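Since the structure comes first, as structure tokens, the remarks are kept for the end.
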Amino acid sequence: MIELKHVSRLYRSDEIETTALHDISLTIRRGEFVAIMGPSGCGKSTLLNTLGTIDRPTSGQYLFDGTDLAQLPETGLAKHRAKHLGFIFQSFNLVDDLTIYENIELGLLYREGRKGSRRQAIESAMDRVGIAHRARHFPHQLSGGQQQRAAIARAIVGEPDLILADEPTGNLDTENGAQVMDILRGLNAAGATIIMVTHSPSHADQATRRIDILDGQLVASVAQVL
Ligand code: ADP
Ligand code: ADP
């Protein structure tokens, strides 16, 4: 599904140059659940944002099902994201003044579809994460665990084949973190490819592969038996 070839990402500000990613080559097959680990500042978010086409490599190739995304203009990337990708963040990123239902609807913003089928997709996504009874509530009326589950519903409502999660359990207690991991494993079992940045070794253990990053370089990639 994904092939990174010699991907580097440099940040330049004033006279200072930072190499966030250095010569990363990586293949991810459909159906994998990949955990990315590494110390703060090592390049995990840059790697995830690159995979999510929110950030562009300074050099190297990013092949997605054989298409080099590094060559696509921004409009092509927006289409690619709408069709293939779902994003989950550490701090949920729900819109405060929209209801949970409307927040999840945002996941269909760039998707075609009649009103009835959109409503069905939203209700089915809410059911999958156990948040249907909160449809008319606003984010601040929900617990952190519920907010993250709503954010997962927003990410999956368009049925993406790749889910990118940046520390999805980082702001949650043990129990809610475990719930989120159960949902992610369920989505993976149902066919979604998942790439997740995490600081939690016990959550990384639940992935089918673990990748370690250090100083912008890939230092280990280990398949895990569950
Ligand atoms: P991590 O997610 O592992 O904490 P990041 O990918 O956020 O690491 O950052 C990797 C390196 O790139 C760090 O040294 C960081 O300071 C630098 N960096 C990240 N984003 C930017 C930016 N927009 N401008 C300049 N430097 C950046
Ligand atoms: P769940 O098990 O469904 O995640 P919780 O046990 O986290 O629910 O929360 C129990 C109830 O308390 C929920 O109905 C939730 O709406 C409410 N609640 C929890 N935390 C907050 C909060 N910070 N603000 C408002 N309501 C909250």
Side-chain angles (χ1 to χ4, degrees), residues 1-28 32-64 68-70 72-74 77-78 80-81 84-94 144 147-148 151-152 154-155 160 162-173 176-177 180-181 184 188 193-224:
M1 180 185 224
I2 285 172
E3 215 179 341
L4 296 184
K5 291 185 179 174
H6 305 293
V7 163
S8 293
R9 176 64 166 105
L10 272 61
Y11 288 111
R12 285 184 201 90
S13 55
D14 301 324
E15 303 296 294
I16 304 159
E17 197 170 88
T18 309
T19 305
L21 297 177
H22 179 73
D23 195 21
I24 295 214
S25 293
L26 174 66
T27 302
I28 296 171
E32 284 200 78
F33 186 165
V34 178
I36 300 174
M37 296 196 84
S40 193
C42 72
K44 301 182 296 298
S45 295
T46 304
L47 177 57
L48 204 69
N49 291 342
T50 301
L51 292 167
T53 72
I54 295 168
D55 201 347
R56 276 183 194 275
T58 318
S59 60
Q61 276 189 312
Y62 176 9
L63 303 179
F64 189 100
D68 188 359
L69 298 181
L72 285 189
E74 186 50 43
L77 290 183
H80 170 80
R81 287 193 288 268
H84 292 287
L85 307 186
F87 292 93
I88 304 169
F89 307 93
Q90 177 173 8
S91 48
F92 324 137
N93 293 8
L94 296 169
Q147 289 188 50
Q148 188 59 305
I152 294 174
R154 178 185 56 193
L162 176 62
I163 296 170
L164 298 161
D166 198 348
E167 293 190 50
T169 62
N171 279 353
L172 301 178
D173 61 22
N176 283 297
V180 162
M181 287 307 300
L184 292 181
N188 179 239
T193 307
I194 302 183
I195 305 174
M196 169 183 76
V197 166
T198 184
H199 281 295
S200 161
S202 69
H203 292 169
D205 284 347
Q206 297 178 45
T208 61
R209 184 162 33 139
R210 177 175 156 171
I211 284 174
D212 288 287
I213 307 284
L214 192 62
D215 300 333
Q217 302 190 57
L218 200 156
V219 291
S221 171
V222 180
Q224 305 189 125

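Note that ligands are numbered from 1 as they come in the structure, with each ligand's atoms numbered from 1 the same way. The structure displayed is predicted, hence computed values, not measured ones.
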How far is [atom] from its nearest protein heavy atom, and which residue and atom is that?
atom                    : answer
atom 11 (C) of ligand 1 : G41 O, 3.6 Å
atom 19 (C) of ligand 1 : Y11 CE1, 3.4 Å
atom 12 (O) of ligand 1 : A20 CB, 3.4 Å
atom 8 (O) of ligand 1  : G43 N, 3.1 Å

Give me the atom names and distance for the closest heavy-atom approach of [X] to [Y].
X    : Y    : answer
R154 : F92  : NH2-O, 3.0 Å
E32  : T27  : OE2-O, 4.1 Å
A155 : P160 : O-CG, 3.3 Å
H203 : T169 : ND1-OG1, 3.0 Å

- Message: Quick check on atom 15 (C) of ligand 1 - does any protein heavy atom sit closer than 4.0 Å to it?
- Response: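 Protein heavy atom within 4.0 Å of atom 15 (C) of ligand 1: absent.
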Under 4.0 Å from atom 3 (O) of ligand 1, is there any protein heavy atom? yes
Out of all atoms in ligand 1, which are within 4.0 Å of some heavy atom of [X]? Include the element for each.
X   : value
P39 : 3 (O)
S45 : 1 (P), 2 (O), 6 (O), 7 (O)
S40 : 4 (O)

Judged by non-hydrogen atoms, does C42 sit under 4.0 Å from ligand 1?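 The answer is yes: ligand 1 sits under 4.0 Å from a heavy atom of C42.
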_By the definition side-chain contact (heavy atoms from CB on, under 4.5 Å), identify the one residue from I28, L51, L69 that meets it with F64._
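When side-chain contact (heavy atoms from CB on, under 4.5 Å) is applied between F64 and each of I28, L51, L69, only L69 qualifies.
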Partner of L47 under side-chain contact (heavy atoms from CB on, under 4.5 Å), picked from L218, I36, I195, V197, is I36
Check: Any N or O on K44 sitting closer than 3.5 Å to an N or O of ligand 1?
Finding: yes
Open item on the list: For the CG atom on N93, are there more than 12 heavy atoms of other groups (residues, nucleotides or ligands in this structure) within a distance under 6.0 Å?
Closed with: yes
Sorted by chain and residue number, the side chain to side chain donor-acceptor pair (under 3.5 Å) partners of R9 (sequence neighbours excluded) come out as D55
Min over V197, T46, N49 of heavy-atom distance to atom 6 (O) of ligand 1 lands on T46
